[in-house]
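First the structure, then my questions, so here it is.
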2 protein chains.
Amino acid sequence: MLIEIDFSSDEAIYQQLCNQIILGIATSRLSDGEVLPSVRQMADEIGINMHTVNKAYTILRQEGFVKVDRRRGAFISVTERNRERALNIVEKDMRIILAQARCRGLTKQDMLMLVDRIYDEYDGEN
Amino acid sequence: MLIEIDFSSDEAIYQQLCNQIILGIATSRLSDGEVLPSVRQMADEIGINMHTVNKAYTILRQEGFVKVDRRRGAFISVTERNRERALNIVEKDMRIILAQARCRGLTKQDMLMLVDRIYDEYDGEN
DNA sequence: CCACCTGTTATAACATAAATATAACAGGTG
DNA sequence: CACCTGTTATATTTATGTTATAACAGGTGG
């Protein structure tokens, strides 16, 4: 999967990398079991340091999106199936986004439509 | 409005302050035109430096949530009514949240219900 | 005019985090 | 044994967040 980093962004590189891989999984450009490039290879491709990639992989592992096998390296493995815990994790960020949306004059219908559209986009790429 | 800062959080203090004020506006604990404590007063109340508060106020002003009058100080003023621009701002963050949600096994219905519930909470506090 | 309150700006110092660089180690593969 | 994994360690540079002290412009009320 093509990774594109915005070096002028205020978002940390390892964070951008995490987000893009998560987006990749959601849109099925990365499928379960698929092997990620090694930390050194990914670092070379993007043009960043090995440790920055390693940090992203470590976080993805802790968050339950990636597993590591000494033989194969890092590969996609989404294991979480605890619905309540997943909801709690998502809820805090969602509250902030919806607060911003409401302050900017967007209605509940606006947001429901946005969620509907994005989710269909993700599902549609299967 | 009561502001509570988590000093052990990995989120920057000025960022937490921005988020809480935006949440305050969305839940109508802060109403349009309401005056915010001065940068020095707010800093004293929370126990942080004046410049950290000033940074938060400056960002809120740039984002269009606050205006500044030399006489009164900073006050709530949500001026944005450009729906398209507002949607674009929200969409990027929403994509990342929904990607995480989908990876964690949450369905579109789960997210629609979450949005519905939070938005009702915000509207209900009027 | 004068003290007092606003936000704003400037400058410096310090702490923390991000990113890079170099190196080494344990374990699996061919 | 050479070569690839991830992982760990250490040091350095850079950027950001936070604090500190000070001053300035402008408005308010005595």
Side-chain angles (χ1 to χ4, degrees), chain A residues 1 3-22 30 33-79 96, chain B residues 1 3-22 30 33-79 96:
Chain A
M1 193 186 74
I3 301 287
E4 288 195 17
I5 300 297
D6 177 7
F7 290 99
S8 65
S9 169
D10 59 335
E11 205 178 12
I13 296 176
Y14 78 91
Q15 192 66 58
Q16 292 186 50
L17 192 48
C18 283
N19 285 339
Q20 292 213 24
I21 290 173
I22 291 172
L30 292 174
E34 190 167 341
V35 178
L36 291 171
S38 75
V39 288
R40 292 169 177 86
Q41 189 179 341
M42 175 76 88
D44 280 347
E45 285 175 12
I46 304 178
I48 61 177
N49 191 276
M50 178 196 71
H51 291 93
T52 306
V53 179
N54 190 255
K55 186 171 185 176
Y57 281 15
T58 300
I59 291 174
L60 289 171
R61 189 172 48 114
Q62 288 169 345
E63 299 275 336
F65 297 122
V66 158
K67 280 190 175 172
V68 167
D69 188 319
R70 262 263 137 79
R71 294 167 284 186
R72 293 189 292 164
F75 61 96
I76 306 297
S77 169
V78 185
T79 52
I96 297 173
Chain B
M1 193 186 75
I3 301 286
E4 288 194 16
I5 299 296
D6 178 7
F7 291 98
S8 65
S9 168
D10 59 334
E11 204 177 13
I13 297 176
Y14 78 92
Q15 192 64 58
Q16 291 185 52
L17 192 48
C18 283
N19 285 339
Q20 292 212 25
I21 290 174
I22 292 173
L30 290 173
E34 190 168 340
V35 179
L36 291 172
S38 75
V39 288
R40 292 170 177 83
Q41 189 179 339
M42 175 75 90
D44 280 348
E45 285 175 11
I46 304 178
I48 60 175
N49 190 274
M50 180 195 67
H51 291 93
T52 306
V53 179
N54 189 256
K55 187 170 184 174
Y57 282 16
T58 300
I59 291 175
L60 289 170
R61 189 173 47 112
Q62 288 169 345
E63 299 275 335
F65 296 122
V66 158
K67 279 190 177 175
V68 167
D69 187 318
R70 260 264 137 78
R71 293 166 286 185
R72 294 189 291 165
F75 61 96
I76 306 297
S77 169
V78 184
T79 53
I96 297 173

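In the text below, chain A, chain B and the rest are named by the order of the sequence lines, each starting its count at 1.
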Q: Assign A:Arg72 to base, sugar-phosphate, or nothing according to its heavy-atom contacts below 4.0 angstrom with the strands shown.
A: nothing
(Q) For A:Ile48 and A:Phe7: C-alpha separation, side-chain torsions, deciding distance, then whether side-chain contact (heavy atoms from CB on, under 4.5 Å) applies. (A) CA-CA 10 Å; A:Ile48 61 177; A:Phe7 290 99; 3.7 Å; yes
Q.
If I compare all heavy atoms of A:Cys18 with all of A:Ala56, which pair ends up nearest, and what's the gap?
A. SG-O, 3.6 Å
Q: Just jot down the side chain to side chain donor-acceptor pair (under 3.5 Å) partners of A:Ser8, sequence neighbours excluded, or say none.
A: A:Asp6
Q: For residues 50-60 of chain B, pull every pair meeting side-chain hydrogen bond (donor to acceptor under 3.5 Å, both in side chains), keeping only residues two or more places apart or in separate chains.
A: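 Applying side-chain hydrogen bond (donor to acceptor under 3.5 Å, both in side chains) to every pair that reaches into residues 50-60 of chain B, excluding sequence neighbours, yields B:Asn49-B:His51.
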Q. For B:Gln20 and B:Ile3, which heavy atoms make the closest approach, and how far apart are they?
A. OE1-CA, 3.8 Å
Give me the distances for all protein-to-nucleotides 28-30 of chain D N/O pairs that come in under 3.5 Å?
none

Q. How far apart are the C-alpha atoms of B:Leu60 and B:Ile76, what are their side-chain angles, what is the distance that settles it, and do they pass the side-chain contact (heavy atoms from CB on, under 4.5 Å) test?
A. CA-CA 9 Å; B:Leu60 289 170; B:Ile76 306 297; over 6 Å; no
Q: Using the test side chain to side chain donor-acceptor pair (under 3.5 Å), find all partners of A:Gln15 that sit at least two apart in sequence or belong to another chain.
A: none
Q. Could you state the CG-C1' distance from A:Asn54 to D:dA9, rounded to the nearest angstrom?
A. 13 Å
**Q.** Leading and trailing nucleotides of DNA chain C with any atom under 4.0 Å from heavy atoms of chain B
**A.**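 Contacts span C:dT6 to C:dA10, reading 5' to 3'.
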Q) With sequence neighbours excluded, what pairs up with B:Asp10 under the side chain to side chain donor-acceptor pair (under 3.5 Å) test? A) none
Q. Who pairs with B:Asp44 by salt bridge (Lys or Arg N to Asp or Glu O under 4.0 Å), at least two apart in sequence or on another chain?
A.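 Expected list: none.
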Q.
Working note: B:Val66 + B:Leu36, criterion side-chain contact (heavy atoms from CB on, under 4.5 Å); need CA distance, chi angles, decisive distance, verdict.
A. CA-CA 9 Å; B:Val66 158; B:Leu36 291 172; 3.9 Å; yes
Q.
Which residues pass the side chain to side chain donor-acceptor pair (under 3.5 Å) test with B:Glu11, not counting sequence neighbours?
A. B:Asn19
Q: Please work out which residues in residues 10-21 of chain A have a non-hydrogen atom less than 4.0 Å from an atom of DNA chain C and list them by number.
A: A:Ala12, A:Ile13, A:Tyr14
Q) Closest approach of A:Gln16 and A:Ser9, non-hydrogen atoms and distance? A) NE2-CB, 3.5 Å
Q. Think B:Lys55 has a side-chain N or O under 4.0 angstrom from the OP1 or OP2 of D:dT18?
A. no
Q: Between B:Phe7 and A:Gly73, just flag the one whose closest nucleotide in DNA chain D comes earlier from the 5' side.
A: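 On the 5' side of the pair lies A:Gly73.
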Q | Contact list for DNA chain C against residues 43-51 of chain A - heavy-atom distance below 4.0 Å | A | A:Ile48, A:Asn49, A:Met50, A:His51
(Q) Taking Watson-Crick (N1-N3 plus N6-O4 or O6-N4) and G-U wobble (N1-O2, O6-N3), each under 3.5 Å, can you produce the dot-bracket string of DNA chain C? Use [ ] for crossing pairs and | for inter-strand ones. (A) ||||||||||||||||||||||||||||||
Q) Where do A:Gly33 and A:Arg72 come nearest, in terms of heavy atoms and distance? A)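 It is O-NH1, 4.0 Å.
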Q: List the atom of B:Phe75, the atom of B:Val35, and the distance in Å for their closest heavy-atom pair.
A: CB-CA, 3.9 Å
**Q.** Check against side-chain contact (heavy atoms from CB on, under 4.5 Å), B:Ile13 and B:Ile46
**A.** CA-CA 10 Å; B:Ile13 297 176; B:Ile46 304 178; 5.7 Å; no
